[in-house]
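All remarks here apply to the structure that follows.
Note that these values count all heavy atoms, side chains included, but never hydrogens, waters or copies made by symmetry.
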Amino acid sequence: MAMATATPAPVQETRSDRIVMICNYTALGLFTLAVLYPLIYVLSASLSDPKNVVSGKVWLWPVGWSIESFKAVFDYDSIVSGFSNSVLYAVGGSVLATVLTLFAAYPLSRKGLPGKGLIMALFVFTMMFSGGLIPSYLVADQLGILNTRWAIILPAALAVWNMIITRTFFQSTIPEELVEAAKVDGCTDFGFFWRIVLPLSKPIIAVNLLFYAVAQWNSWFSALIYLTNEHLFPLQLVLRQILLQNQFDPSQVRDTAELIRMKELQEQLKYSLIVIATIPPLLVYPFVQKHFVKGAMVGSLKG
C-alpha cells in the first residue's frame, strides 16, 4: 500500500516579515523613481515648446510638442562627422582596449608567471600616480599622434581597473587543473588561450567592450586637448561647441522678442543634446546585458 506523502505546511508570514517587505518595496520604488524621473523629464523637455520649458510647466510629459531644438542641432554640418567619429572611436577603441586587457589579465591570473607580483604592483601604481596633463601631451607629441585619431584611441587603450576585474574573472573560471590537462595534451599557452579561454570568457569580454565603448563615447576632454582638426572631433565635443555657440550676449540683442526666443532655445538645447548623446549607448546595452551582469559579478569577486 502506497504511503501518502505529507505536504509541508506553508510558512506563515509574520508581521515583521511584512514590514520588511513593505520597506524593501518602498525603497526600491523610490530608487526607481529617482533614476527614471530625470530621464523622462529630459526627454519631455527636449520635445516640449521652449516657452513651457523655461516657464517650468514641464513636469513629466511634453507640453506643447516642438522639435525646434533638434532642428537647431542637426542644422550643424559637423553633427554627422562628429557622430561617425564617435562611433569609430567607441568601436575601434573598445576592441583594441579589450584585446590589450585580455592579453594583460590572463598571464597575471596564472600562478606560474615570473615576477607577477612586481608587474601587478606597477599596474596598480599607475592607478594612484600619473605624470599629469602636460607630460601626457608631450608624450603624444613625441609619438607623432597629435591631431590624429590615435590621440583619442591610444591614451585610453587600457584601464587598470578593468584589467583587475578581468584577471579576477580568469582566476575564478579557469582552474589551474584545466591548464595542466591542456599542456598534457600538447596544447601551447597561446592555443589554450585562443581555443579554451576566449570561448569561456564571453561575459567578461562583453563587460570590457561596454565599459570601454561608453567611456570613449562620453569622452570629450582628450579631443579638446589633442585635436585641432574639426573633422576629427567626436560627437561630445561637437555638441559642446553647439552649446557654446548658442550662448549670446543679451546686450547685443535689441529686439526683445528675439532675445526671449534665443533664451528659450538655449535653455531647451541642453536637453536635446543630452538626448542625442544618450540614445546610442541605451540602444547597445540590451544586446550585451545577458553577458554583462554575469561578467561584472564574477569578475568583481575574488576567486
>> When you measure from the side chain of S201 to the backbone of I204, do you find a donor-acceptor pair of N or O atoms at a distance under 3.5 Å?
In response: no

>> Counting only heavy atoms not in K116 (residues, nucleotides, ligands), do more than 12 fall under 6.0 Å from its NZ?
In response: yes

>> Would the distance check show the side chain of S109 and the main-chain N or O of Y106 forming a donor-acceptor pair, the cut-off being under 3.5 Å?
In response: yes

> Closest approach of I152 and Q216, non-hydrogen atoms and distance?
Replying inline: O-NE2, 3.3 Å

>> Assigning hydrophobic clusters by single linkage (Ile, Leu, Val, Met, Phe, Trp, Tyr; side-chain heavy-atom cutoff under 4.5 Å), is L28 placed with I19?
In response: no

> Do the non-hydrogen side-chain atoms of V275 and F70 ever get within less than 4.5 Å of each other?
Replying inline: yes

>> If you apply the rule side chain to side chain contact (heavy atoms under 4.5 Å, CB included), what do you find for F170 with L108, and how did you get there?
In response: CA-CA 9 Å; F170 288 144; L108 291 172; over 6 Å; no

> Are any of the side-chain heavy atoms of L232 and Y89 separated by less than 4.5 Å?
Replying inline: yes

>> Taking the side chain as everything from C-beta on, heavy atoms only, tell me whether S81 gets closer than 4.5 Å to F233.
In response: no

> What heavy-atom pair brings V63 and S48 nearest, and what distance separates the two atoms?
Replying inline: N-OG, 3.0 Å

> With under 30° as parallel and over 60° as perpendicular, where do the rings of F193 and F190 fit, or are they tilted in between?
Replying inline: tilted

>> Closer than 3.5 angstrom, by distance alone: can the side chain of T98 be matched with the main-chain N or O of S94 as a donor-acceptor pair?
In response: yes

>> Is the shortest side-chain heavy-atom distance between I205 and L198 below 4.5 Å?
In response: yes

Return a table of donor-acceptor pairs under 3.5 angstrom between the side chains of residues 126-140 and protein atoms on other chains or two or more places apart.
| residue | atom | partner | partner atom | Å |
| --- | --- | --- | --- | --- |
| T126 | OG1 | F123 | O | 2.5 |
| S136 | OG | G132 | O | 2.7 |

>> When you group the ILVMFWY residues by side-chain heavy-atom contacts below 4.5 Å and let the links chain together, are L33 and Y37 in the same group?
In response: no

>> Could you report the tightest heavy-atom contact between P107 and F103, atom names first, then the distance?
In response: CD-O, 2.9 Å

> Any idea which heavy atoms bring L88 and R149 closest together, and the distance?
Replying inline: CD2-CD, 3.4 Å

>> Walk me through whether L235 and V87 qualify under side chain to side chain contact (heavy atoms under 4.5 Å, CB included).
In response: CA-CA 9 Å; L235 179 64; V87 171; over 6 Å; no

> How many angstroms lie between CD1 in I145 and CG in L227, if you round to the nearest 0.5 Å?
Replying inline: 10.0 Å

> What distance do K202 atom NZ and L209 atom CG have between them, rounded to the nearest 0.5 Å?
Replying inline: 13.0 Å

>> Please determine whether side chain to side chain contact (heavy atoms under 4.5 Å, CB included) holds for the pair R240 and L237, giving the CA-CA distance in whole Å, both sets of side-chain angles, and the decisive distance to 0.1 Å.
In response: CA-CA 5 Å; R240 176 181 178 272; L237 191 55; 4.2 Å; yes

> Measuring from Y41:OH to W61:CH2, what's the distance to the nearest 0.5 Å?
Replying inline: 14.5 Å

>> If you define the side chain from C-beta out and look only at heavy atoms, does anything of R110 sit under 4.5 Å from D189?
In response: no

>> If I compare all heavy atoms of A182 with all of F192, which pair ends up nearest, and what's the gap?
In response: CB-CD1, 3.4 Å

> Does L60 belong to the same Ile/Leu/Val/Met/Phe/Trp/Tyr cluster as L43, with side-chain heavy atoms less than 4.5 Å apart forming each link?
Replying inline: yes

> What's the spacing between L39 CG and T278 OG1 if we round to 0.5 Å?
Replying inline: 7.5 Å

> Would you say the side-chain atoms of S66 and D49 include a donor-acceptor pair closer than 3.5 Å?
Replying inline: no

>> One pair to check against side chain to side chain contact (heavy atoms under 4.5 Å, CB included): N208 and F169. What are the steps and the verdict?
In response: CA-CA 12 Å; N208 279 291; F169 177 89; over 6 Å; no

>> More than 12 heavy atoms of other residues, nucleotides or ligands under 6.0 Å from CD1 of I67: yes or no?
In response: no

>> On a heavy-atom basis, which atom in A97 and which in A156 lie closest, and how many Å separate them?
In response: CB-O, 4.1 Å

>> Tell me whether F221 at atom CZ has more than 12 heavy atoms from other residues, nucleotides or ligands lying less than 6.0 Å away.
In response: no

>> I'd like to check L239 versus I79 (side-chain heavy atoms, cut-off strictly below 4.5 Å). Are they in contact?
In response: yes

>> The test is ring pair (Phe, Tyr, Trp, His ring centres under 6.0 Å); show your working for F83 and W217 and say whether it passes.
In response: CA-CA 10 Å; F83 188 88; W217 182 265; 5.7 Å; yes

> Do any N or O atoms from the side chain of N52 and from the backbone of V58 form a donor-acceptor pair under 3.5 angstrom?
Replying inline: no

> What is the distance from atom CD1 of I274 to atom CD1 of I279, rounded to the nearest 0.5 Å?
Replying inline: 12.0 Å

> Between CZ of F31 and CG of L36, what distance do you get to the nearest 0.5 Å?
Replying inline: 9.5 Å

> Should M163 and M120 count as side-chain neighbours, where that means a heavy-atom distance under 4.5 Å?
Replying inline: yes

> Would you say the side-chain atoms of D185 pair up with the backbone N or O of C187, donor to acceptor, closer than 3.5 Å?
Replying inline: no

>> Could you check whether any side-chain N or O of D141 sits under 3.5 Å from a backbone N or O of L146, counting only pairs where one atom can act as donor and the other as acceptor?
In response: no

> Going by heavy atoms in the side chains, are Y212 and L158 under 4.5 Å from each other?
Replying inline: yes

